[in-house]
Number of protein chains: 2
Amino acid sequence: MNYYTISQLAEQFDISTRTIRYYEERGLISPIRTESGQRLYTKKDRAVLKLILRGKRFGFSLEEIHEMISLFDKDRTGRKQLEKTIKYGEQKLKEVTERIDDLLQLKHEMETILQDFKTRLREMEDSE
Amino acid sequence: MNYYTISQLAEQFDISTRTIRYYEERGLISPIRTESGQRLYTKKDRAVLKLILRGKRFGFSLEEIHEMISLFDKDRTGRKQLEKTIKYGEQKLKEVTERIDDLLQLKHEMETILQDFKTRLREMEDSE
DNA sequence: ATTGACTTTTACGTAAACGTAAATTAAAAT
DNA sequence: ATTTTAATTTACGTTTACGTAAAAGTCAAT
(Lines give C-alpha, C1' and ligand atoms only; values in the text may rest on other atoms or scores of the structure.)
Protein backbone atom coordinates (compact mmCIF):
# COMPACT_ATOMS: atom_id res chain seq x y z
CA MET A 1 0.00 0.00 0.00
CA ASN A 2 1.28 3.51 -0.64
CA TYR A 3 0.53 6.90 0.68
CA TYR A 4 -0.25 10.44 -0.38
CA THR A 5 1.38 13.55 1.06
CA ILE A 6 -0.76 16.45 2.08
CA SER A 7 0.14 18.55 -0.93
CA GLN A 8 -0.64 15.70 -3.29
CA LEU A 9 -4.14 15.48 -1.92
CA ALA A 10 -4.46 19.23 -1.92
CA GLU A 11 -3.61 19.31 -5.58
CA GLN A 12 -5.88 16.43 -6.49
CA PHE A 13 -8.89 18.07 -4.91
CA ASP A 14 -7.90 21.64 -5.59
CA ILE A 15 -7.96 22.73 -1.98
CA SER A 16 -5.28 24.11 0.32
CA THR A 17 -3.16 22.11 2.72
CA ARG A 18 -4.53 24.34 5.43
CA THR A 19 -7.99 23.11 4.63
CA ILE A 20 -6.92 19.48 5.00
CA ARG A 21 -5.19 20.20 8.30
CA TYR A 22 -8.27 22.02 9.47
CA TYR A 23 -10.41 18.97 8.81
CA GLU A 24 -7.96 17.05 10.95
CA GLU A 25 -8.21 19.66 13.70
CA ARG A 26 -11.93 19.12 13.68
CA GLY A 27 -11.48 15.35 13.92
CA LEU A 28 -12.78 14.50 10.47
CA ILE A 29 -9.67 12.80 9.20
CA SER A 30 -6.72 11.10 10.92
CA PRO A 31 -3.65 10.44 8.80
CA ILE A 32 -0.74 8.45 10.18
CA ARG A 33 2.62 10.10 10.75
CA THR A 34 6.19 9.32 9.79
CA GLU A 35 8.86 9.30 12.47
CA SER A 36 9.56 12.92 11.76
CA GLY A 37 5.92 13.83 12.05
CA GLN A 38 4.94 14.18 8.42
CA ARG A 39 1.38 13.26 7.59
CA LEU A 40 0.68 10.31 5.31
CA TYR A 41 -2.73 9.64 3.82
CA THR A 42 -4.06 6.25 2.77
CA LYS A 43 -6.60 5.56 0.05
CA LYS A 44 -9.18 5.39 2.78
CA ASP A 45 -8.20 8.84 4.05
CA ARG A 46 -8.54 10.05 0.51
CA ALA A 47 -12.02 8.58 0.29
CA VAL A 48 -13.00 10.29 3.52
CA LEU A 49 -11.73 13.59 2.19
CA LYS A 50 -13.81 13.09 -0.92
CA LEU A 51 -16.84 12.47 1.27
CA ILE A 52 -16.19 15.64 3.21
CA LEU A 53 -15.98 17.72 0.07
CA ARG A 54 -19.13 16.23 -1.31
CA GLY A 55 -20.92 16.93 1.94
CA LYS A 56 -19.75 20.53 1.72
CA ARG A 57 -21.13 20.88 -1.78
CA PHE A 58 -24.50 19.87 -0.40
CA GLY A 59 -24.32 22.59 2.18
CA PHE A 60 -23.74 20.37 5.18
CA SER A 61 -21.63 21.87 7.96
CA LEU A 62 -18.41 20.17 9.00
CA GLU A 63 -20.17 19.29 12.22
CA GLU A 64 -22.90 17.40 10.40
CA ILE A 65 -20.40 15.71 8.14
CA HIS A 66 -18.41 14.72 11.19
CA GLU A 67 -21.47 13.08 12.70
CA MET A 68 -22.22 11.14 9.57
CA ILE A 69 -18.68 9.96 9.09
CA SER A 70 -18.20 8.79 12.65
CA LEU A 71 -21.46 6.91 12.60
CA PHE A 72 -20.97 5.17 9.31
CA ASP A 73 -17.26 4.73 9.67
CA LYS A 74 -16.74 2.94 12.93
CA ASP A 75 -17.31 -0.73 13.39
CA ARG A 76 -20.63 -0.53 15.10
CA THR A 77 -20.23 -3.76 16.95
CA GLY A 78 -22.87 -3.61 19.64
CA ARG A 79 -26.42 -4.31 18.64
CA LYS A 80 -27.78 -1.18 20.30
CA GLN A 81 -25.18 0.84 18.48
CA LEU A 82 -26.09 -0.78 15.21
CA GLU A 83 -29.75 -0.06 15.72
CA LYS A 84 -28.96 3.53 16.56
CA THR A 85 -26.83 3.88 13.48
CA ILE A 86 -29.56 2.48 11.28
CA LYS A 87 -32.07 4.90 12.75
CA TYR A 88 -29.76 7.82 12.21
CA GLY A 89 -29.00 6.63 8.71
CA GLU A 90 -32.65 6.38 7.82
CA GLN A 91 -33.18 9.88 9.14
CA LYS A 92 -30.36 11.23 7.00
CA LEU A 93 -31.63 9.29 4.03
CA LYS A 94 -34.99 10.93 4.46
CA GLU A 95 -33.37 14.35 4.57
CA VAL A 96 -31.46 13.65 1.40
CA THR A 97 -34.61 12.44 -0.32
CA GLU A 98 -36.44 15.59 0.69
CA ARG A 99 -33.59 17.68 -0.57
CA ILE A 100 -33.73 15.92 -3.90
CA ASP A 101 -37.46 16.50 -4.22
CA ASP A 102 -36.94 20.13 -3.31
CA LEU A 103 -34.26 20.50 -5.96
CA LEU A 104 -36.39 18.76 -8.57
CA GLN A 105 -39.13 21.29 -7.93
CA LEU A 106 -36.65 24.14 -8.23
CA LYS A 107 -35.39 22.66 -11.48
CA HIS A 108 -38.90 22.49 -12.82
CA GLU A 109 -39.57 26.10 -11.90
CA MET A 110 -36.36 27.23 -13.51
CA GLU A 111 -37.22 25.37 -16.68
CA THR A 112 -40.59 27.05 -16.80
CA ILE A 113 -39.11 30.49 -16.37
CA LEU A 114 -36.47 29.80 -18.97
CA GLN A 115 -39.06 28.61 -21.46
CA ASP A 116 -40.94 31.80 -20.83
CA PHE A 117 -37.85 33.91 -21.45
CA LYS A 118 -37.03 32.04 -24.60
CA THR A 119 -40.51 32.54 -25.93
CA ARG A 120 -40.23 36.26 -25.26
CA LEU A 121 -36.90 36.39 -27.03
CA ARG A 122 -38.33 34.65 -30.07
CA GLU A 123 -41.21 37.12 -30.15
CA MET A 124 -38.73 39.98 -30.12
CA GLU A 125 -36.81 38.45 -32.98
CA ASP A 126 -39.94 37.73 -35.03
CA SER A 127 -41.07 41.31 -34.86
CA GLU A 128 -37.97 43.00 -36.16
CA MET B 1 -53.74 43.98 -0.53
CA ASN B 2 -52.44 43.58 2.96
CA TYR B 3 -49.05 43.43 4.54
CA TYR B 4 -46.97 41.43 6.93
CA THR B 5 -44.87 42.90 9.72
CA ILE B 6 -41.34 41.75 10.20
CA SER B 7 -42.12 39.66 13.24
CA GLN B 8 -44.99 37.96 11.47
CA LEU B 9 -42.68 36.82 8.71
CA ALA B 10 -40.06 35.85 11.24
CA GLU B 11 -42.52 33.63 13.00
CA GLN B 12 -43.87 32.11 9.81
CA PHE B 13 -40.44 31.06 8.66
CA ASP B 14 -38.96 30.45 12.07
CA ILE B 15 -36.10 32.89 11.64
CA SER B 16 -35.13 36.03 13.56
CA THR B 17 -36.07 39.57 12.63
CA ARG B 18 -32.36 40.28 12.54
CA THR B 19 -32.00 37.73 9.78
CA ILE B 20 -34.69 39.42 7.71
CA ARG B 21 -33.13 42.83 8.21
CA TYR B 22 -29.79 41.39 7.29
CA TYR B 23 -31.16 40.15 3.99
CA GLU B 24 -32.35 43.68 3.40
CA GLU B 25 -28.91 45.05 4.24
CA ARG B 26 -27.52 42.77 1.59
CA GLY B 27 -30.07 44.02 -0.91
CA LEU B 28 -32.03 40.79 -1.24
CA ILE B 29 -35.36 42.17 -0.15
CA SER B 30 -36.90 45.65 -0.12
CA PRO B 31 -40.02 46.15 1.95
CA ILE B 32 -41.89 49.42 1.84
CA ARG B 33 -42.10 51.63 4.91
CA THR B 34 -44.87 53.30 6.82
CA GLU B 35 -44.60 57.02 7.59
CA SER B 36 -42.98 56.17 10.85
CA GLY B 37 -40.47 53.92 9.18
CA GLN B 38 -41.88 50.52 10.01
CA ARG B 39 -41.25 47.83 7.43
CA LEU B 40 -44.18 46.29 5.61
CA TYR B 41 -43.87 43.17 3.52
CA THR B 42 -46.10 42.24 0.59
CA LYS B 43 -46.92 38.73 -0.60
CA LYS B 44 -44.22 39.19 -3.16
CA ASP B 45 -41.70 40.05 -0.49
CA ARG B 46 -42.78 36.95 1.33
CA ALA B 47 -42.23 34.88 -1.78
CA VAL B 48 -38.76 36.32 -2.19
CA LEU B 49 -37.95 35.47 1.39
CA LYS B 50 -39.11 31.94 0.77
CA LEU B 51 -36.81 31.76 -2.23
CA ILE B 52 -33.88 32.98 -0.17
CA LEU B 53 -34.45 30.36 2.48
CA ARG B 54 -34.74 27.64 -0.09
CA GLY B 55 -31.52 28.76 -1.71
CA LYS B 56 -29.86 28.63 1.68
CA ARG B 57 -31.00 25.08 2.24
CA PHE B 58 -29.29 24.16 -1.00
CA GLY B 59 -26.06 25.63 0.26
CA PHE B 60 -26.04 28.70 -1.98
CA SER B 61 -24.46 31.81 -0.51
CA LEU B 62 -26.49 34.99 -0.13
CA GLU B 63 -24.35 36.45 -2.87
CA GLU B 64 -25.37 33.73 -5.31
CA ILE B 65 -28.98 33.98 -4.27
CA HIS B 66 -28.81 37.72 -4.78
CA GLU B 67 -27.56 37.21 -8.31
CA MET B 68 -30.31 34.76 -9.15
CA ILE B 69 -33.04 36.91 -7.72
CA SER B 70 -31.96 40.08 -9.45
CA LEU B 71 -31.64 38.34 -12.77
CA PHE B 72 -34.93 36.51 -12.69
CA ASP B 73 -36.81 39.21 -10.91
CA LYS B 74 -36.35 42.32 -12.97
CA ASP B 75 -38.12 42.96 -16.18
CA ARG B 76 -35.37 42.09 -18.55
CA THR B 77 -36.54 44.36 -21.27
CA GLY B 78 -33.58 44.69 -23.57
CA ARG B 79 -32.82 41.86 -25.92
CA LYS B 80 -29.18 41.64 -24.90
CA GLN B 81 -30.26 41.52 -21.30
CA LEU B 82 -32.74 38.79 -22.05
CA GLU B 83 -30.14 36.71 -23.83
CA LYS B 84 -27.77 37.15 -20.94
CA THR B 85 -30.41 36.13 -18.47
CA ILE B 86 -31.21 33.02 -20.45
CA LYS B 87 -27.57 32.05 -20.61
CA TYR B 88 -27.15 32.56 -16.90
CA GLY B 89 -30.33 30.64 -16.22
CA GLU B 90 -29.20 27.71 -18.30
CA GLN B 91 -25.93 27.67 -16.43
CA LYS B 92 -27.71 27.63 -13.10
CA LEU B 93 -30.07 24.96 -14.36
CA LYS B 94 -27.09 22.81 -15.25
CA GLU B 95 -25.66 23.30 -11.78
CA VAL B 96 -28.92 22.27 -10.19
CA THR B 97 -29.13 19.20 -12.39
CA GLU B 98 -25.62 18.19 -11.43
CA ARG B 99 -26.44 18.67 -7.81
CA ILE B 100 -29.45 16.43 -8.17
CA ASP B 101 -27.41 13.70 -9.82
CA ASP B 102 -24.82 14.01 -7.11
CA LEU B 103 -27.45 13.70 -4.42
CA LEU B 104 -29.05 10.73 -6.15
CA GLN B 105 -25.72 8.96 -6.07
CA LEU B 106 -25.30 9.79 -2.39
CA LYS B 107 -28.78 8.47 -1.72
CA HIS B 108 -27.95 5.24 -3.49
CA GLU B 109 -24.77 4.79 -1.47
CA MET B 110 -26.58 5.46 1.76
CA GLU B 111 -29.21 2.91 0.87
CA THR B 112 -26.54 0.32 0.18
CA ILE B 113 -24.82 0.95 3.48
CA LEU B 114 -28.12 0.84 5.31
CA GLN B 115 -29.06 -2.45 3.69
CA ASP B 116 -25.72 -3.80 4.78
CA PHE B 117 -26.28 -2.68 8.35
CA LYS B 118 -29.75 -4.14 8.42
CA THR B 119 -28.48 -7.47 7.18
CA ARG B 120 -25.88 -7.47 9.90
CA LEU B 121 -28.48 -6.70 12.50
CA ARG B 122 -30.67 -9.56 11.32
CA GLU B 123 -27.73 -11.93 11.50
CA MET B 124 -27.13 -10.87 15.06
CA GLU B 125 -30.74 -11.48 15.93
CA ASP B 126 -30.86 -14.86 14.19
CA SER B 127 -27.92 -16.16 16.16
CA GLU B 128 -29.18 -15.48 19.63
C1' DA C 1 26.80 19.34 1.41
C1' DT C 2 23.99 22.81 0.28
C1' DT C 3 20.12 24.65 -2.08
C1' DG C 4 15.31 24.61 -2.69
C1' DA C 5 10.89 22.68 -2.14
C1' DC C 6 7.95 20.82 1.31
C1' DT C 7 6.20 20.17 5.97
C1' DT C 8 5.25 21.22 10.80
C1' DT C 9 3.20 24.04 14.63
C1' DT C 10 1.65 28.38 16.41
C1' DA C 11 -1.01 32.15 15.98
C1' DC C 12 -3.23 36.03 14.34
C1' DG C 13 -6.53 37.64 10.49
C1' DT C 14 -10.87 37.51 7.79
C1' DA C 15 -15.44 37.07 5.34
C1' DA C 16 -20.10 35.53 5.80
C1' DA C 17 -24.14 35.28 8.36
C1' DC C 18 -26.06 36.32 11.68
C1' DG C 19 -26.64 37.09 17.50
C1' DT C 20 -27.15 40.29 21.04
C1' DA C 21 -27.55 44.39 23.58
C1' DA C 22 -28.60 49.29 24.17
C1' DA C 23 -31.08 53.38 23.34
C1' DT C 24 -35.09 55.27 21.21
C1' DT C 25 -39.61 55.47 19.16
C1' DA C 26 -44.12 53.72 17.83
C1' DA C 27 -48.13 50.72 18.14
C1' DA C 28 -51.34 47.90 20.74
C1' DA C 29 -53.66 46.67 24.77
C1' DT C 30 -55.60 47.52 29.15
C1' DA D 1 -53.51 57.52 29.78
C1' DT D 2 -50.32 54.44 30.70
C1' DT D 3 -48.36 50.08 30.56
C1' DT D 4 -46.82 46.49 27.47
C1' DT D 5 -45.31 44.89 23.25
C1' DA D 6 -43.04 45.59 18.98
C1' DA D 7 -40.20 48.25 15.95
C1' DT D 8 -35.90 51.00 14.51
C1' DT D 9 -30.91 52.06 14.21
C1' DT D 10 -26.27 51.53 15.79
C1' DA D 11 -22.72 48.82 16.93
C1' DC D 12 -20.05 45.41 18.90
C1' DG D 13 -19.73 40.14 19.46
C1' DT D 14 -19.60 35.28 17.69
C1' DT D 15 -19.09 31.07 14.97
C1' DT D 16 -17.56 28.64 10.95
C1' DA D 17 -14.18 27.67 7.73
C1' DC D 18 -10.62 28.63 6.43
C1' DG D 19 -6.25 32.34 4.74
C1' DT D 20 -1.81 33.93 5.73
C1' DA D 21 2.51 34.61 7.78
C1' DA D 22 6.41 33.33 10.71
C1' DA D 23 9.81 30.28 12.57
C1' DA D 24 11.87 25.88 12.37
C1' DG D 25 12.65 21.32 10.87
C1' DT D 26 12.92 17.82 6.78
C1' DC D 27 13.16 15.74 2.18
C1' DA D 28 14.88 15.59 -2.59
C1' DA D 29 17.98 16.89 -5.97
C1' DT D 30 22.10 18.66 -7.71
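This one's a predicted model, so the numbers in the text were calculated from it and none came from an experiment. Letters A, B, ... mirror the listed sequences (proteins, then strands); counts begin at 1.
A distance of 14.5 Å separates CG of B:Asp45 from NZ of B:Lys50, quoted to the nearest 0.5 Å.
At C:dG19, one or more side-chain N or O atoms of B:Ser16 fall inside 4.0 Å of OP1 or OP2 (strictly under the cut-off). Side-chain N/O atoms of A:Ser36 include none lying less than 4.0 angstrom from OP1 or OP2 on C:dT7. Side-chain nitrogen and oxygen atoms of A:Thr5 include at least one within less than 4.0 Å of the OP1 or OP2 phosphate oxygen of C:dT7. Contact annotation: A:Tyr22 does not reach the phosphate of D:dG19 (side-chain N/O to OP1 or OP2, under 4.0 Å).
Backbone-only engagement by B:Arg26 is indicated by non-hydrogen atom pairs under 4.0 Å involving sugar-phosphate atoms exclusively. Within the 4.0 angstrom heavy-atom criterion, no nucleotide atom of any strand lies near B:Thr34. Within the nucleic acid shown, A:Arg39 comes within 4.0 Å of sugar-phosphate atoms alone, with no base atom in reach, counting heavy atoms only. Heavy atoms of B:Thr17 sit nowhere under 4.0 angstrom from any nucleic acid atom.
Taking the nucleotide of DNA chain C with the nearest heavy atom to each of A:Gly37 and B:Leu62, the more 5' of the two is matched to A:Gly37.
One atom, CD of B:Gln38, and another, P of D:dT5, lie 17 Å apart when rounded to the nearest Å. Note: CZ (A:Arg21) to P (C:dC6) measures 13 Å, nearest angstrom. In this structure, CG of B:Leu9 is placed 10 Å from P of D:dA7, rounded to the nearest angstrom. A straight line from CD of A:Glu35 to C1' of D:dT26 spans 13 Å, rounded to a whole angstrom. Rounded to an integer number of Å, the gap from CD1 of B:Ile29 to P of C:dC18 is 13 Å. As rounded to whole Å, 6 Å separates atom P of C:dT8 from atom CZ of A:Arg33. Rounded to an integer number of Å, the gap from A:Glu11 CD to C:dT7 P is 11 Å. Rounded to an integer number of Å, the gap from A:Glu25 CD to D:dG19 P is 12 Å.
Checking D:dG19, D:dA7, D:dA17 against every side-chain atom of A:Ser61, the shortest atom distance belongs to D:dA17.
Residues forming a salt bridge (charged side-chain N to carboxylate O under 4.0 Å, His left out) with A:Glu95 (at least two apart in sequence, or on another chain): A:Lys92.
Ion pairing between A:Lys118 and A:Glu111 fails under the 4.0 Å rule for side-chain N and carboxylate O. Between A:Glu25 and A:Arg21 there is no salt bridge, since no side-chain nitrogen of the basic residue lies less than 4.0 Å from a carboxylate oxygen of the acidic one.
The side-chain tip of A:Arg99 points at the ring of A:Phe60 from less than 6.0 angstrom away and within 45° of straight on.
Between the base of D:dT20 and the side chain of A:Arg18 there is a donor-acceptor pair shorter than 3.5 Å.
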